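Hydrogens, waters and symmetry mates are skipped; everything else that's a heavy atom, side chains included, is used. Predicted model, so just to flag it, every value in this text is computed and none were measured.
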Amino acid sequence: MTAGQDRSRGDPGTGEPPPRRVTVAHPRTLAALGSGELATGHAPVHDDLGRQTPLGDIYLRSLMRSQLRLGLAVVGTLALVLGSLPYLFLMTPVLRDGTLAGIPVTWLVIGVAVYPVILTLALVCVRQARRNERDFVDLIDRS
């Protein structure tokens, strides 16, 4: 490249137009641009999904990644709660040695108290997964 040339403005000697700039953005950022044709001239997102274009694949992978993160967070929380129970029983003599109505407290915690925690995590997971999917549909409808 010579001193007189600037890549951002093209080559003045040959009259070539400047190279086309491409903006790479997260799907939520693109949704903020508005409905219909995007500022970059692309067709709406639902067309990209229907035709299985690379852009549509990016949107689908984004949804799958958010669902995977949610699933891993729920499984990690459950593993942390259940995995900490043996340590809790070991460090707390009242729980380890106590009985309630002739039944050891450890058995009550493992056999009864764990299930509301699992149910709560399941409900949170379903609610958040539906929210992720609703956001995805809203993104597609806005584009």
Side-chain angles (χ1 to χ4, degrees), residues 1-3 5-12 14 16-143:
M1 186 152 64
T2 63
Q5 290 178 330
D6 183 4
R7 285 195 157 208
S8 64
R9 291 186 234 144
D11 189 357
T14 62
E16 291 180 21
R20 184 168 181 235
R21 297 189 63 134
V22 177
T23 302
V24 179
H26 191 273
R28 288 184 183 167
T29 306
L30 291 175
L33 292 175
S35 62
E37 293 284 324
L38 297 176
T40 58
H42 288 292
V45 175
H46 55 82
D47 289 345
D48 288 320
L49 290 172
R51 291 183 302 201
Q52 297 178 346
T53 64
L55 180 61
D57 288 342
I58 290 171
Y59 280 98
L60 286 176
R61 273 189 259 126
S62 173
L63 173 64
M64 288 190 291
R65 272 194 308 270
S66 67
Q67 297 292 46
L68 177 64
R69 278 192 304 268
L70 172 64
L72 291 175
V74 169
V75 168
T77 302
L78 183 63
L80 183 67
V81 169
L82 295 180
S84 67
L85 286 179
Y87 180 75
L88 179 69
F89 295 148
L90 182 66
M91 293 303 186
T92 313
V94 174
L95 291 176
R96 182 180 59 225
D97 301 330
T99 59
L100 185 63
I103 302 171
V105 174
T106 55
W107 284 43
L108 289 173
V109 169
I110 293 172
V112 177
V114 168
Y115 291 103
V117 173
I118 293 172
L119 181 63
T120 302
L121 281 173
L123 291 174
V124 167
C125 182
V126 167
R127 182 175 169 218
Q128 188 62 39
R130 287 182 179 161
R131 181 178 294 155
N132 287 345
E133 291 171 358
R134 191 175 336 113
D135 290 346
F136 181 74
V137 169
D138 289 345
L139 172 70
I140 291 171
D141 287 344
R142 276 188 266 152
S143 310

Donor-acceptor under 3.5 Å (Thr92 side chain, Phe89 main chain)
no
Closest heavy-atom contact between Leu63 and Asn132?
CD1-O, 3.9 Å
Residues Leu82, Val114; criterion side chain to side chain contact (heavy atoms under 4.5 Å, CB included); working and verdict:
CA-CA 8 Å; Leu82 295 180; Val114 168; 3.4 Å; yes
Any chance you could measure Leu90, atom CG, to Leu85, atom CG, to the nearest 0.5 Å?
12.5 Å
So OG1 of Thr106 and CG of Leu88: to nearest 0.5 Å the spacing works out to 10.5 Å
Where Pro116 and Val112 come nearest, the two heavy atoms and their spacing:
CD-O, 3.1 Å
Reported CG-to-CD distance for the pair Asp135 and Gln128, which is rounded to 0.5 angstrom
8.0 Å
What's the separation between atom CG in Leu108 and atom OG1 in Thr99, rounded to the nearest 0.5 Å?
9.5 Å
From Leu123 CG over to Ile118 CD1, what is the distance, rounded to the nearest 0.5 angstrom?
12.0 Å
CG on Leu70 to CZ on Arg127, rounded to 0.5 Å
12.0 Å
